[in-house]
Structures are given as structure tokens and as C-alpha cells.
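Lettering of chains follows the sequences in order, A, B, ..., and the numbering in each one begins at 1.
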Amino acid sequence: MLSVPYLREHREEAIAGLKKRGVEAAPLIDKVMALDDERKTQQQAHDGLLAEMNRLSKSIGQLYKEGKREEAEEKKAAVSALKEKASGLEAARKDTLLALQEVLEQIPNVPHETVAAGQSEEDNVLVREGELAAAPNQKKPHWDIAKDLDILDFELGNVLTGSGFPVFRGKGARLQRALISYFLDQAQEQGYEEVMPPLLVNADSAYATGQLPDKEGQMYTITEDQLYLIPTAEVPITNIYRGRLLEESDLPRKHVGYTPCFRREAGSYGKDVRGLNRVHQFDKVEIVQLVHPEHSYQVLEDMVSYVESLVQSLELPYRIVRLCGGDLGFTSALTYDFEVYAAAQDKWLEVSSVSNFEDFQSQRLNCRFRDDNKKKHLVHTLNGSALALPRIMAALLENHQDSHGIVVPEVLRPYTGFDRI
RNA sequence: GGAGAGGUGGCCGAGCGGUCGAAGGCGCACGCCUGGAAAGCGUGUAUACCCUAACCGGGUAUCGCGGGUUCGAAUCCCGCUCUCUCCGCCA
């Protein structure tokens, strides 16, 4: 979330920026200021009272030592009286703090200056486009080819779990694993440290990366233990740094992780749900960086280039768009989406989202670094899918098909052990 | 899951209910010393928020977390949590 000092010092900038999201921020910011002022006043009163009580209590000890019992008893009564007053003040202060928190949680991140105003994906800006390869001579949707080749079973998933839980099998499963290994190996070459995090996280973690409270309905919940299935590896990986104080020389921290991701996708029934286009459990390799604020936008571009190189290496037609204000995630300041073209469906499928959150996440994460002067600053966090598997699989099947089956891209062959399906 | 032991500052380690944000040591920083270094000596060395022009000074809170007792708690009581040891169960 945004910090109060930021909102104080950059009020107009924040209002203008948030307008690009269609958010009317002025009333919210005013409320933040008012609550913060109230909080300060209350703290002053409360602290003063406590100081008085502390002074008296100390003197009581002294009085007892000197044997002045009566005087001590008098003071005891005085402190007791103050105590009641103090607890009232404290309750009020807590309420104010909670109210302040609540308002802050409603304010999304301020979009970067390059973000266009806009309401939906219609307003996203095309950044660049890969070459469109020659269309395959056969155009079966991936769910049909997959069935023909017996590499993917949607019906079986229905039996085991429910819709949106496909079962990969045979060469399909092998291809899936090849993609994961390939993506992990590539990221390691770029200096990302691999991690295998837990797939369940607690509420603190979900809160720090912004899944709670805004996106609670999107996560599967283990109510008995108050845990959440991760919707993305971003959550556990970023939370490695929750509450941490780093040295400037520790930066950047670069991590890559493969995890299954679980999403309820509530409210999206009927929208592009065929085949692998939208599923409840999917595999994804995620890259995460924590960097010095001065470098975060350079790093964002680097991450975009890296993801682009992955998509290119898979010989898929792609395009990169810069999300407009309205399409931007709550916590992001700037996001690039990667879409690949699925030839048979004649559709663009989102396969990666690369974002700079600036210090919006680290504020909640409370992850800072210390510079040479021992001053502490919030780090900037970034992440990106590199890549999300199902739609990559869909695009591979649709774009690399011929009448005999599927041609496996060159880079994956060392991993699959076969060049055709 | 059961039994026991324990969680104190960057680390180690003291701490009777009162003047303890916390002895001492190590480490670290700066200074002195030295041709230079080591040793030695000296000084300093937690975090957050509030007051303040101030990274000077002052206030409040923090000794795993949360409650309670008390005029006053690192010190007493209760709950939780984590670590270690033993037992049970188990991929």
C-alpha cells in the first residue's frame, strides 16, 4: 500500500495518477490525512499520560524505600485514576489506526507515468509484436488435437476433481515437465536463484503481496488451518523477505520458482474457459526481484526482454502490451502483458504479466535495505511469469501442428527426448 | 499427538517486581597509539512512532506473541507460538 508520507508529499501526483485507473482518490487521501492527524493528536495525549504515570510509579518506589507509606498510597490512587483515562485513550487510538489502515487498503498503486488512462483491455497499448509465423496448414483447437493425441484429458479431470483440473498424460505430461525444466534452467542462467516454496501460505503472506483483502475470493482456502493455496508463486517467494532488513549490497535479490497455482476464477464462468484457456490449477514458473528503487524500471525492461526471449525461443507469435490504468492490477505501477497467438482459436492468450510494484508491496512486506549512511529505504519488488504453462501449451499445440501431429520446438527437445508428438 | 527444557540487543550471555533499553563479553565504527599493522587504550554502537528546524534533545512502546495481576513486570499468572530433547505416528 501507499505510505502516509508519500500521500502527504505527493498528493496531487497521486490523484492525477490514480485518475488513470478511474479512481477518484482525493476524498480517500483527505480521509487518510485527517485520520493520521487524529492519530498523532491521540498519541501525544496518550504518551503524555503514560509519561505521567511512569513518573509517579517511580516515585512510589522511592517513597516506600524512604518509609513514607501514606504519601505512596496517595500517589497510587492518583495513578489508578490516570490509568482509566489512559486505557480509554488507547482504545480510541487503536480505532483510529484501524480506520486509517482500512482507508489505505482501498487505495491502489499509483500508475507509472507511461501508463495510459483507460478502462479495460481495449485501452491497452501495443508495445511490440513478434513476427507472425506462417499459419499452420491444419487448424484444430488444442483441445481437439490433445484428445486425438491422447496427451490431455479434461473429462478425467472432471472425474478426479471438477472442471478446470485437466490431466496431462504420456507425452503431454512429459512436454509439460520439459517446459518447466527449460524455464527454470533459463532463469538460472540469468542469475535467478531457484526456490521451491510451500504451496500453502498464511494470511500474513497473502496480505503482504496484496491477495488479501482485495482478492480473497480468488484463492482456495483451507479454513480449518486458515491457510490459502497460492494463486501464484509470487506470494511465497516475495514473502521470503517479509520483515527483513537487507544491506544495499544484498540487492538485487533474484528468485525463480516453479509451482502449481490455484485459482477459483470465481465470476469468470463461460468466458474463454474452453480447454486450457482458463483452468483452476496450472503450472507456472515465476521470476521475482527485489531491487534498489533507482534501478527498478531498468530491471522491469530487463525482465520483459528476458520473457520475450523465452517466447521467441518457443517459436510462438506474440505481442507485448502495456496495461492501461483500468486494467492494471491493484498493486502494480506498471505491467506488461505477453500474449501469444493461438492459431486455431484465432485468439491472443495472455501467458505472462511482468510488473513493477515499486514499494507498494514492500510497504506491507516491510522489506527494507540499509544504505551506506545507515538510512533505511523500502525495496522495490517486481515479478513476472516466465512463463505460465497452460496457454503456452495451447499455443504450442495449435501453432506447431501438422497433419501428423505436433512438432516440438528445438529448445525443448533435450528435455522431452522426442521431437514430435 | 504425548512428555520435558528453553526463547533477552548483530552474536554470546547476566538479570532480586521498582531508578533496566536492559550488566559483561564478542563483533562492528570512530579516535589515540604506530613508519604501517597487530596488540593496547578511549568513545560509540537496537527499532518504531510522537514533539522538535534537527540523523541535537525529549516522550512513548518494544526482553518470542497476546492477555492478566500490580502504583510499577524482562522478572509473577494464563493462553498461543517457535526451537531443542525423548516417545508415538508416518511419506
Side-chain angles (χ1 to χ4, degrees), chain A residues 1-9 32-105 196-208 222-228 236 239-251 253 259-260 359 361-379:
Chain A
M1 69 191 149
L2 298 169
S3 71
V4 177
Y6 168 81
L7 289 172
R8 266 189 203 288
E9 287 160 36
V32 167
M33 303 304 178
L35 285 166
D36 190 51
D37 288 341
E38 194 180 338
R39 182 200 120 246
K40 285 182 187 175
T41 312
Q42 287 171 331
Q43 177 168 349
Q44 280 172 51
H46 187 231
D47 283 358
L49 217 53
L50 289 180
E52 177 66 16
M53 286 161 60
N54 284 340
R55 251 198 312 281
L56 283 172
S57 290
K58 270 184 193 173
S59 68
I60 290 172
Q62 195 56 38
L63 288 173
Y64 270 120
K65 262 184 199 162
E66 293 165 10
K68 300 178 180 165
R69 290 198 78 101
E70 270 176 40
E71 229 176 295
E73 293 299 330
E74 262 171 48
K75 289 201 172 181
K76 272 194 198 179
V79 178
S80 293
L82 287 178
K83 201 175 173 184
E84 214 164 298
K85 219 164 141 190
S87 71
L89 274 176
E90 188 176 6
R93 212 198 45 172
K94 274 188 182 164
D95 286 347
T96 306
L97 219 51
L98 259 149
L100 176 60
Q101 185 83 356
E102 218 168 272
V103 181
L104 282 171
E105 280 168 3
M196 283 195 112
L199 307 182
L200 270 59
V201 295
N202 58 30
D204 285 344
S205 291
Y207 176 78
I222 314 284
T223 46
E224 193 173 0
D225 299 293
Q226 289 170 323
L227 296 173
Y228 300 86
N239 271 281
I240 291 172
Y241 295 96
R242 173 147 49 83
R244 289 271 294 272
L245 178 63
L246 303 169
E247 296 303 325
E248 189 168 354
S249 58
D250 292 334
L251 300 176
R253 307 300 308 159
T259 68
D359 62 14
Q361 279 185 333
S362 57
Q363 175 82 23
R364 285 197 198 179
L365 256 193
N366 187 24
C367 175
R368 296 165 302 165
F369 71 92
R370 187 155 53 178
D371 67 21
D372 290 343
N373 301 317
K374 300 260 181 190
K375 277 229 172 190
K376 297 180 180 75
H377 313 271
L378 291 166
V379 302

Open item on the list: Return the pairing partner of B:C55 with a 3.5 Å limit on both distances, Watson-Crick or G-U wobble; otherwise return none.
Closed with: none
Task: Counterpart residues, side chain to side chain donor-acceptor pair (under 3.5 Å), relative to A:N239 (two or more places apart) - done: A:R242
Open item on the list: Taking the P atom in each of B:U47 and B:C55, what is the distance between them to the nearest angstrom?
Closed with: 13 Å
Open item on the list: Measuring only the C1' atom in each nucleotide, how far is B:G42 from B:A46? A whole number of Å is fine.
Closed with: 23 Å
Task: Gap between atoms CD and P, on A:E74 and B:G72 respectively (whole Å) - done: 17 Å
Under 3.5 Å, N/O pairs linking protein and nucleotides 62-70 of chain B:
none

Task: P spacing across the pair B:U8 / B:C12, given as an integer number of angstrom - done: 7 Å
Task: Separation of the P atoms in B:C76 and B:G6, to the nearest angstrom - done: 11 Å
Task: Inter-residue atom distance A:L2.CG - A:E105.CD, 0.5 Å rounding - done: 12.0 Å
Task: Nucleotide paired to B:U34 in any strand shown, Watson-Crick or G-U, under 3.5 Å - done: none
Open item on the list: Per the side chain to side chain donor-acceptor pair (under 3.5 Å) rule, what does the pair list look like for residues 91-103 of chain A, sequence neighbours excluded?
Closed with: A:Q42-A:T96, A:Q101-A:Y207
Show me the donor-acceptor pairs, under 3.5 Å and distance only, between side chains in residues 45-52 of chain A and residues at least two apart or in other chains.
from, atom 1, to, atom 2, distance (Å)
A:D47, OD2, A:Q43, NE2, 3.2
A:E52, OE1, A:R55, NH2, 2.6

Task: Distance, P atom - from B:U34 to B:C16, rounded to whole angstrom - done: 46 Å
- [ ] Could you check which nucleotide pairs with B:G44 in any of the strands shown, counting Watson-Crick or G-U wobble with both distances under 3.5 Å?
- [x] B:C28
- [ ] Tell which nucleotide pairs with B:G9, taking only Watson-Crick or G-U wobble pairs whose two distances are both under 3.5 angstrom.
- [x] none
- [ ] Apply side chain to side chain donor-acceptor pair (under 3.5 Å) to A:N202 and list each qualifying residue two or more places apart in sequence or on a separate chain.
- [x] A:S205
TODO: Just jot down the side chain to side chain donor-acceptor pair (under 3.5 Å) partners of A:R244, sequence neighbours excluded, or say none.
DONE: none
- [ ] Using whole Å, report how far CD1 of A:I60 lies from P of B:G72.
- [x] 8 Å
Open item on the list: How many whole angstroms separate atom NZ of A:K85 from atom C1' of B:C71?
Closed with: 17 Å
Task: Qualifying residues under side chain to side chain donor-acceptor pair (under 3.5 Å), relative to A:D37, sequence neighbours excluded - done: A:R8
- [ ] Just name whichever nucleotide pairs with B:U85, Watson-Crick or G-U, keeping both distances under 3.5 Å, else none.
- [x] B:A3
Task: Pairwise P distance for B:U62 and B:A73, with rounding to whole Å - done: 9 Å
Only distances under 3.5 Å count here; give the side-chain donor-acceptor pairs of residues 80-88 of chain A to other protein atoms, sequence neighbours excluded, each with its distance to 0.1 Å.
from, atom 1, to, atom 2, distance (Å)
A:S80, OG, A:K76, O, 3.2
A:S87, OG, A:E84, O, 3.0

Open item on the list: Applying the Watson-Crick and G-U wobble criteria at under 3.5 Å, what pairs with B:C90? Answer none if nothing qualifies.
Closed with: none
- [ ] Using Watson-Crick or G-U wobble geometry with both distances below 3.5 Å, tell me the partner of B:C65, or none.
- [x] B:G79
TODO: Between protein and nucleotides 48-61 of chain B, map the contacts as a letter string: B base, S sugar-phosphate only, - none, heavy atoms under 4.0 Å, written 5' to 3'.
DONE: SBSS-------BSS
Task: Side chain A:S362, main chain A:V379, donor-acceptor under 3.5 Å - done: yes
- [ ] Using the C1' atoms only, state how far B:U52 lies from B:G58, rounded to an integer number of Å.
- [x] 9 Å
Open item on the list: Main chain of A:Q363, side chain of A:D359: is a donor-acceptor contact present, judged purely on distance under 3.5 Å?
Closed with: no
TODO: Using the C1' atom on both, measure B:U45 against B:C11 and round to a whole Å.
DONE: 14 Å
Task: Minimum-distance pair of heavy atoms, taken over all atoms of A:Y241 and A:C367 - done: O-CB, 3.4 Å
Task: Whichever of A:L245 and A:K75 has its nearest RNA chain B nucleotide further upstream toward 5' - done: A:L245
Task: Distance, rounded to the nearest Å, where A:E247 contributes CD and B:G10 contributes P - done: 12 Å
Task: Pair partner, B:A39 [Watson-Crick or wobble, under 3.5 Å] - done: none
